[in-house]
Asks: 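Structure below; questions to follow.
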Protein chains: 4
Amino acid sequence: MKKNKPKFKQIIDAAVEVIAENGYHSSQVSKIAKKAGVADGTIYLYFKNKEDILVSLFQEKMGQFIEKIEQETTSKQSAEQKLLTLIQTHFEQLAADHHLAIVTQLELRQSNKELRQKINNVLKRYLNVIDQIVEEGVEEELFRDGLDRRLVRQMIFGMMDETVTNWVMKEQRYNIVDQAKEVHSLIIHGLARTDQ
Amino acid sequence: MKKNKPKFKQIIDAAVEVIAENGYHSSQVSKIAKKAGVADGTIYLYFKNKEDILVSLFQEKMGQFIEKIEQETTSKQSAEQKLLTLIQTHFEQLAADHHLAIVTQLELRQSNKELRQKINNVLKRYLNVIDQIVEEGVEEELFRDGLDRRLVRQMIFGMMDETVTNWVMKEQRYNIVDQAKEVHSLIIHGLARTDQ
Amino acid sequence: MKKNKPKFKQIIDAAVEVIAENGYHSSQVSKIAKKAGVADGTIYLYFKNKEDILVSLFQEKMGQFIEKIEQETTSKQSAEQKLLTLIQTHFEQLAADHHLAIVTQLELRQSNKELRQKINNVLKRYLNVIDQIVEEGVEEELFRDGLDRRLVRQMIFGMMDETVTNWVMKEQRYNIVDQAKEVHSLIIHGLARTDQ
Amino acid sequence: MKKNKPKFKQIIDAAVEVIAENGYHSSQVSKIAKKAGVADGTIYLYFKNKEDILVSLFQEKMGQFIEKIEQETTSKQSAEQKLLTLIQTHFEQLAADHHLAIVTQLELRQSNKELRQKINNVLKRYLNVIDQIVEEGVEEELFRDGLDRRLVRQMIFGMMDETVTNWVMKEQRYNIVDQAKEVHSLIIHGLARTDQ
DNA sequence: AATGAATGAGTGTTCATTCAT
DNA sequence: TATGAATGAACACTCATTCAT
């Protein structure tokens with residue numbers, strides 16, 4: 001697998017387009033090959049099998065995605081700021097690539113358990129970034145002590161994910177970045193009146 | 001479709017088992033028929049096609065699921081209590097039916113856009129229950145005013161869903177009901193120290 | 001098989017209608033039963049199997065068809081008159097029952113070799129009527145001597161059949177009885193100028 | 001559809017054999033593929049679907065059939081000679097290919113209305129050849145004037161077709177070419193004594 | 001005689017993957 | 001490296017027929 005060869009990226013980009021446009025189940029290998037401008041057989045010089053295209057797609061795209069988030073957040077001072085930046089950058093990146101948003105939020109979830117297991121492995125790096133911010137927040141005494149780390153992480157990720165999925169399902173008809181602050185506020189303060 | 005005929009339920013229960021054990025894509029109609037103890041053709045006396053088994057399964061099981069939650073929550077006094085009860089009942093019911101938990105959290109999500117659309121329609125009733133509790137909370141001045149209802153609903157549902165999915169993916173090795181209180185607390189208070 | 005019971009005819013009439021309206025391949029036993037106002041299983045009290053419905057249909061309808069032709073022709077004096085009457089009565093009867101025309105000319109020909117063999121047996125009685133008229137014509141010295149009887153029969157039947165089929169395929173948009181005289185003339189005189 | 005590739009013809013020839021031997025309804029795609037020595041899937045590289053095999057078969061075989069008839073007839077001088085040649089060539093070609101005779105006279109007629117419509121389109125070219133001969137005959141004053149062209153065409157085609165079908169149903173136990181002259185004579189002169 | 005729920009055999013078509021060139 | 005023709009396993013669905021009532 002020669003990941004730095006241009007065809008590798010060519011095929012992955014074709015896969016994102018094809019899946020976004022046709023849906024997961026109508027995205028045959030031959031369709032991806034055609035869009036990438038290579039022969040069907042060539043795909044198998046760069047990927048083990050069809051599933052490997054999808055896993056690689058996710059690794060490649062999520063790698064860039066997470067790197068960007070890491071860059072943006074490290075410069076911020078407080079955990080609260082970092083969390084807001086994380087949410088904003090998360091939303092911004094998906095808003096900037098409509099095809100990718102469809103693929104990650106809707107289409108890739110139709111894959112089987114095995115593939116989703118592998119996708120989850122890629123996500124771990126992202127979850128670690130979240131974990132660290134939470135850790136910092138607790139250390140800085142911004143966040144409550146005694147928080148269940150796994151639940152906190154689920155809360156943050158689950159809410160961002162649910163928000164993006166809803167936006168994609170509404171066909172991206174509003175600006176999701178506008179919701180970042182409110183989502184951040186809900187995560188930080190919850191539903192309760194803060195003056196109580 | 002004769003939904004009160006025993007075979008209708010027989011087949012649905014078989015489908016839950018077969019899908020939980022074999023995964024969505026390895027759950028052939030013939031396998032479901034065999035488990036249900038009927039002939040392949042009998043399936044089609046009760047369901048339009050394979051997809052209709054899944055939609056009916058979700059309607060049938062989620063109908064009971066939501067009814068139970070409606071029952072449990074109405075008796076509670078405050079919105080806060082209702083929310084806790086909702087989370088607990090949600091967790092309890094899935095903890096009580098391991099197969100169903102696998103099917104709803106993992107396998108049914110592999111379905112195509114069309115099927116997921118139908119599943120979402122069934123879910124609407126549940127989301128309405130959540131909406132009402134939030135509404136009550138705001139009226140009772142337990143919750144903040146000016147909350148974005150859609151985001152709040154996403155927060156509550158997203159966090160429960162994420163929590164259950166994580167539990168299922170960890171092969172249900174811990175007691176998820178134990179997490180209900182903490183999830184509730186996170187939703188109500190968020191991450192921030194409440195004394196600030 | 002109780003052929004004088006009213007249900008026997010009921011089912012046959014239903015079959016003619018269903019086949020004419022839906023085509024041979026979309027005429028399921030259950031559809032015929034429904035149109036006849038009986039249960040699916042009842043069909044099998046009157047007919048051995050599906051094929052037997054079709055054979056019986058043909059026997060029943062062709063029996064009447066041929067009887068009528070026998071009646072009309074015997075009263076005529078010359079073979080030439082008899083032949084004209086045969087052609088006219090053939091066309092008249094099919095023109096009078098549109099459904100039957102569709103079934104005999106188009107739909108029943110889609111049946112398999114076996115069924116068509118049985119249908120041909122029913123037709124033999126009709127071919128005998130034609131044979132006799134030819135025989136008479138030769139005896140009366142109206143027709144040429146030395147005619148190959150089988151070919152003559154094929155000529156007469158083939159031309160009537162082809163004419164009716166064409167009329168059915170043109171959706172019966174013209175009056176086929178008007179063509180009887182011309183068909184008769186072609187059979188009697190052929191294409192050649194008679195003055196030569 | 002690559003009609004000049006050898007496999008295209010290979011599959012068509014296999015289809016003729018399989019259909020002639022097993023009958024239309026027992027001719028599964030897999031059986032045709034096996035006889036052609038290709039994989040089931042290969043069929044679909046050359047044909048849209050099963051029906052397309054049959055339509056292509058008819059086009060391919062009838063194309064050659066009609067071409068041969070066109071060649072043979074054009075060299076003849078009179079319309080009468082041309083008609084005789086047409087009948088002879090028609091019979092000769094089917095006599096030379098027993099399998100094809102069975103397929104065209106019996107098996108292909110079991111197809112549905114749609115398919116028969118397509119088959120009729122192919123036949124139109126043949127009917128045009130007949131029309132032209134009749135036209136010439138009238139111009140040459142060999143044939144009567146005032147003939148109903150459609151009926152004449154039906155007469156000629158219907159009689160040849162009926163003759164071939166009878167021969168096929170009698171399991172081709174006699175030499176059909178021997179009947180060409182008599183059929184020709186019947187069409188030209190009809191049944192009547194010519195001296196009257 | 002009549003019912004109609006239940007049966008289960010039977011098949012066209014797709015598409016990920018291979019391999020000779 | 002690259003090709004693309006060929007492969008063949010896999011599966012949802014229909015419908016004629018049966019049989020317990």
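From a predicted model like this one, the values you see are computed outputs, not experimental measurements. Only this structure's heavy atoms are used, side chains among them; waters, hydrogens and symmetry mates stay out. Letters A, B, ... are given to chains in the order of the sequence lines, protein chains preceding strands, and every chain is numbered from 1.
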Asks: For K34(B) and dT7(E), give me the distance from atom NZ to atom P, rounded to whole Å.
Replies: 15 Å
Asks: May I have the distance from N22(D) (atom CG) to dG10(E) (atom P), rounded to whole angstrom?
Replies: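 Result: 15 Å.
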Asks: Picking from dT3(E), dG8(E), dT17(E), which would you name as closest to the side chain of L45(C)?
Replies: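 Comparing dT3(E), dG8(E), dT17(E) against the side chain of L45(C), the answer is dT3(E).
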Asks: If I take atom CD1 in residue I32(A) and atom P in nucleotide dT17(E), what distance separates them, rounded to the nearest angstrom?
Replies: 11 Å
Asks: Look only at the side chain of E107(D) and the backbone of I19(D), and say whether a donor-acceptor pair between them is shorter than 3.5 Å.
Replies: no
Asks: Nearest-Å distance, NZ (K7(B)) to P (dG4(E))?
Replies: 16 Å
Asks: Measure NE2/H25(C) against P/dA16(F) and give the value in whole Å, please.
Replies: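 Rounded to whole Å, this separation is 11 Å.
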Asks: What is the distance from CD1 of I11(C) to C1' of dA2(E), rounded to the nearest Å?
Replies: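 Going from CD1 in I11(C) over to C1' in dA2(E) covers 11 Å.
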Asks: Rounded to whole Å, please give me the gap between NZ in K50(B) and P in dC11(F).
Replies: 8 Å
Asks: I want to confirm an ordering. Mapping I43(C) and Q28(A) to their closest nucleotides on DNA chain E, which one lands closer to the 5' end?
Replies: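 Going by which nucleotide is closer to the 5' end, it is I43(C).
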Asks: Whole angstrom is fine here: how far is it from CG in D40(A) over to P in dT18(E)?
Replies: 13 Å
Asks: Going by distance alone, is a donor N or O of one side chain under 3.5 Å from an acceptor N or O of the other, for D161(A) and Q105(A)?
Replies: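 A pair is found: one side chain offers a donor N or O, the other an acceptor, under 3.5 Å apart.
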Asks: Between T42(B) and V38(B) (side chain of the first, backbone of the second, donor and acceptor by atom type, cut-off under 3.5 Å), is there such a pair?
Replies: no
Asks: Please compare V29(C) and S26(B) by the position of their nearest nucleotide in DNA chain F and report the one closer to 5'.
Replies: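 Whichever sits nearer the 5' end wins; that is S26(B).
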Asks: Please map the stems of DNA chain E, keeping only stretches of three or more Watson-Crick or G-U wobble pairs with both distances under 3.5 angstrom.
Replies: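 In DNA chain E, stems of three or more pairs: E:2-21 with F:2-21.
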Asks: Compare the minimum distances between each of dT17(F), dT7(F), dT3(E) and the side chain of V38(C), then state the nucleotide with the smallest one.
Replies: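 Nucleotide nearest to V38(C)'s side chain: dT3(E).
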Asks: Identify each atom pair where a protein N or O and an N or O of nucleotides 19-21 of chain F are less than 3.5 Å apart, giving names and distance.
Replies:
none

Asks: Can you classify the ring geometry of F47(A) versus F8(A) as parallel (below 30°), tilted (30 to 60°) or perpendicular (above 60°)?
Replies: parallel
Asks: If you find the nucleotide of DNA chain E closest to A39(B) and the one closest to S27(D), which residue's nucleotide is nearer the 5' end?
Replies: A39(B)
